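Down below is the structure, laid out as structure tokens.
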Amino acid sequence: MSDLPFTLDQLRILKAIAAEGSFKRAADSLYVSQPAVSLQVQNLERQLDVPLFDRGGRRAQLTEAGHLLLSYGEKILTLCQETCRAIEDLQNLQGGTLIVGASQTTGTYLLPRMIGMFRQKYPDVAVQLHVHSTRRTSWSVANGQIDLAIIGGEISPELQDSLEIVPYAEDELALILPIGHALAREEIIQKDDLYKLQFIALDSQSTIRKVIDQVLTRCGIETRRLRIEMELNSIEAIKNAVQSGLGAAFVSISAIEKELQMGVLHRAKINDVIVKRMLSVIINPNRYRSKAAEAFCKEILPKFASYTAEIQRYTIATIAHTEPIPVIAPSLEHVARVASDIDV
């Protein structure tokens with residue numbers, strides 16, 4: 001076959017239709033007319049001599065051949081994007097794009113600050129932040145859609161051989177109470193006090209919820225006895241609910257820095273219980289690594305770990321109402337070594 005039976009534009013259109021579920025919405029997303037999209041699909045089907053869509057229903061459904069072409073088409077488009085970014089890198093960080101992924105809490109409260117630091121140093125590099133579940137983020141790194149990611153959950157077993165996973169920094173999950181709660185007057189609460197609280201939590205399938213349950217169980221706390229009164233789908237909603245007096249919750253320390261400064265939430269310390277999870281940096285060692293990604297790993301990631309340690313030290317001082325006290329945290333030299341381990 002001397003000429004390819006499809007163009008990159010046709011692959012982009014196929015991908016858009018599959019994602020949007022209709023020719024019209026695909027046309028809108030690509031800023032072209034619907035007749036133009038229909039014509040391209042007709043030409044593609046004629047050139048391949050196979051139907052790509054089942055036109056019997058209201059939603060555009062791919063045929064088996066359509067699914068096959070989409071699978072390979074997404075890989076082709078990803079390689080094209082990598083090619084463009086590699087060429088942009090020749091300008092030595094005077095342009096190009098950095099795509100960073102993160103799970104919900106890390107992406108909402110920590111990474112925007114890191115990206116801000118990166119943009120101050122490299123203002124000509126466009127940065128995209130994709131915040132999704134650990135599972136979706138890790139698959140995006142594996143597929144080459146994201147350069148690197150910082151996540152707090154476990155990587156799917158089927159991806160562990162294809163990704164480089166570097167344990168990076170600890171994230172403490174704090175118990176927060178309404179300011180007016182009776183236990184907010186206690187310097188340290190006991191494990192049994194947890195059974196008296198009404199909890200607000202994320203969905204039971206969420207990564208953070210699983211981590212909390214595992215750590216509490218290891219500390220001798222029966223999680224089935226905890227009274228989950230409400231499940232919400234965002235950390236911000238949980239914080240607002242606690243602030244309104246609806247219950248208690250476990251949230252990342254990084255998510256409550258502002259509220260502690262304002263004095264609108266109380267962080268309770270539990271006797272002999274510290275709930276922590278490990279944050280990890282994940283990359284795909286077999287994908288092209290842009291200069292922007294290298295700069296982010298070498299220059300920004302060490303400050304990320306340092307920043308999380310500072311938040312922990314501040315919150316400890318807030319509980320004790322004293323000057324900040326030292327905590328065991330990764331040194332900048334150690335974090336720099338971790339960053340170098342990511343093969344930048």
Side-chain angles (χ1 to χ4, degrees), residues 100-111 113-114 130-142 146 148-175 201-202 204-219 221 223 235 249-257 267 270 272-285 296-297 300-316 326-344:
V100 183
S103 47
Q104 187 186 78
T105 303
T106 307
T108 302
Y109 300 102
L110 291 176
L111 269 176
R113 303 192 186 201
M114 301 300 104
H130 294 194
V131 181
H132 297 292
S133 66
T134 292
R135 178 177 176 81
R136 181 171 173 182
T137 298
S138 56
W139 274 105
S140 294
V141 174
I146 291 177
L148 64 105
I150 301 176
I151 50 90
E154 294 185 359
I155 305 299
S156 301
E158 62 265 35
L159 291 179
Q160 291 183 3
D161 291 337
S162 58
L163 293 177
E164 192 166 345
I165 307 166
V166 181
Y168 187 48
E170 285 188 328
D171 178 32
E172 186 169 350
L173 300 165
L175 174 65
L202 292 169
S204 59
Q205 297 304 310
S206 69
T207 298
I208 297 179
R209 176 81 173 272
K210 292 178 180 178
V211 169
I212 292 169
D213 287 349
Q214 290 168 1
V215 174
L216 292 179
T217 299
R218 287 199 298 267
C219 292
I221 296 168
T223 55
I235 302 299
F250 282 98
V251 297
S252 170
I253 283 180
S254 62
I256 57 173
E257 181 186 10
R267 189 230 166 152
I270 311 169
D272 291 333
V273 176
I274 298 178
V275 183
K276 290 184 177 180
R277 63 172 178 165
M278 178 60 69
L279 300 178
S280 299
V281 178
I282 57 172
I283 61 167
N284 185 336
F296 192 86
C297 286
I300 304 301
L301 288 185
K303 297 179 182 179
F304 178 92
S306 176
Y307 175 66
T308 57
E310 285 298 317
I311 292 176
Q312 180 177 341
R313 192 164 70 195
Y314 170 79
T315 55
I316 291 174
V327 295
I328 299 174
S331 66
L332 287 179
E333 291 78 9
H334 167 73
V335 178
R337 288 197 299 273
V338 171
S340 67
D341 288 342
I342 309 176
D343 189 29
V344 295

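These numbers were taken from a predicted model, which means no experiment stands behind them.
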Kindly list each side-chain donor-acceptor pair under 3.5 angstrom involving residues 205-212, sequence neighbours excluded, with atom names and distances?
from: Ser206; atom 1: OG; to: Asp203; atom 2: O; distance (Å): 2.9
from: Ser206; atom 1: OG; to: Arg209; atom 2: N; distance (Å): 3.3
from: Arg209; atom 1: NH1; to: Leu202; atom 2: O; distance (Å): 2.5
from: Arg209; atom 1: NH1; to: Glu231; atom 2: OE2; distance (Å): 3.2

Value rounded to 0.5 Å, distance of [atom1] in [X] from [atom2] in [Y]:
{"X": "Glu164", "Y": "Ile282", "atom1": "CD", "atom2": "CD1", "value": "11.0 Å"}
{"X": "Ile150", "Y": "Leu110", "atom1": "CD1", "atom2": "CG", "value": "8.0 Å"}
{"X": "Asp272", "Y": "Cys219", "atom1": "CG", "atom2": "SG", "value": "8.5 Å"}
{"X": "Thr137", "Y": "His132", "atom1": "OG1", "atom2": "NE2", "value": "6.5 Å"}
{"X": "Asp171", "Y": "Ser252", "atom1": "CG", "atom2": "OG", "value": "3.5 Å"}

Which atom pair, heavy atoms only, marks the closest approach of [X] to [Y]?
{"X": "Gly101", "Y": "Ile146", "value": "N-CG2, 3.4 Å"}
{"X": "Val141", "Y": "Ala149", "value": "CG2-CB, 3.8 Å"}
{"X": "Pro302", "Y": "Cys297", "value": "CD-O, 3.5 Å"}
{"X": "Ser162", "Y": "Pro285", "value": "O-CD, 3.5 Å"}
{"X": "Ser103", "Y": "Val131", "value": "O-CG1, 3.9 Å"}
{"X": "Leu173", "Y": "Phe250", "value": "O-CD2, 3.9 Å"}

Residue set satisfying side-chain hydrogen bond (donor to acceptor under 3.5 Å, both in side chains) with Thr134, at least two apart, ordered chain then number -> none
Does Ser156 have any side-chain hydrogen bond (donor to acceptor under 3.5 Å, both in side chains) partners at least two apart in sequence or in another chain, and if so, which?
Arg135
Can you find a pair of side-chain heavy atoms, one from [X] and one from [Y], that are under 4.5 Å apart?
{"X": "Ser138", "Y": "Ile151", "answer": "no"}
{"X": "Phe296", "Y": "Met114", "answer": "yes"}
{"X": "Ser254", "Y": "Thr105", "answer": "yes"}
{"X": "Leu148", "Y": "Val100", "answer": "yes"}
{"X": "Val273", "Y": "Ile221", "answer": "yes"}
{"X": "Glu170", "Y": "Arg277", "answer": "no"}
{"X": "Lys276", "Y": "Val215", "answer": "no"}

So, Asp213 and Thr223: side-chain donor and acceptor under 3.5 Å apart, yes or no?
no
For the side chain of Gln160 and the backbone of Ile155, is there at least one donor-acceptor N/O pair under 3.5 Å apart?
yes
Output all residues satisfying salt bridge (Lys or Arg N to Asp or Glu O under 4.0 Å) with Arg136, sequence neighbours left out; order by chain, then residue number.
none
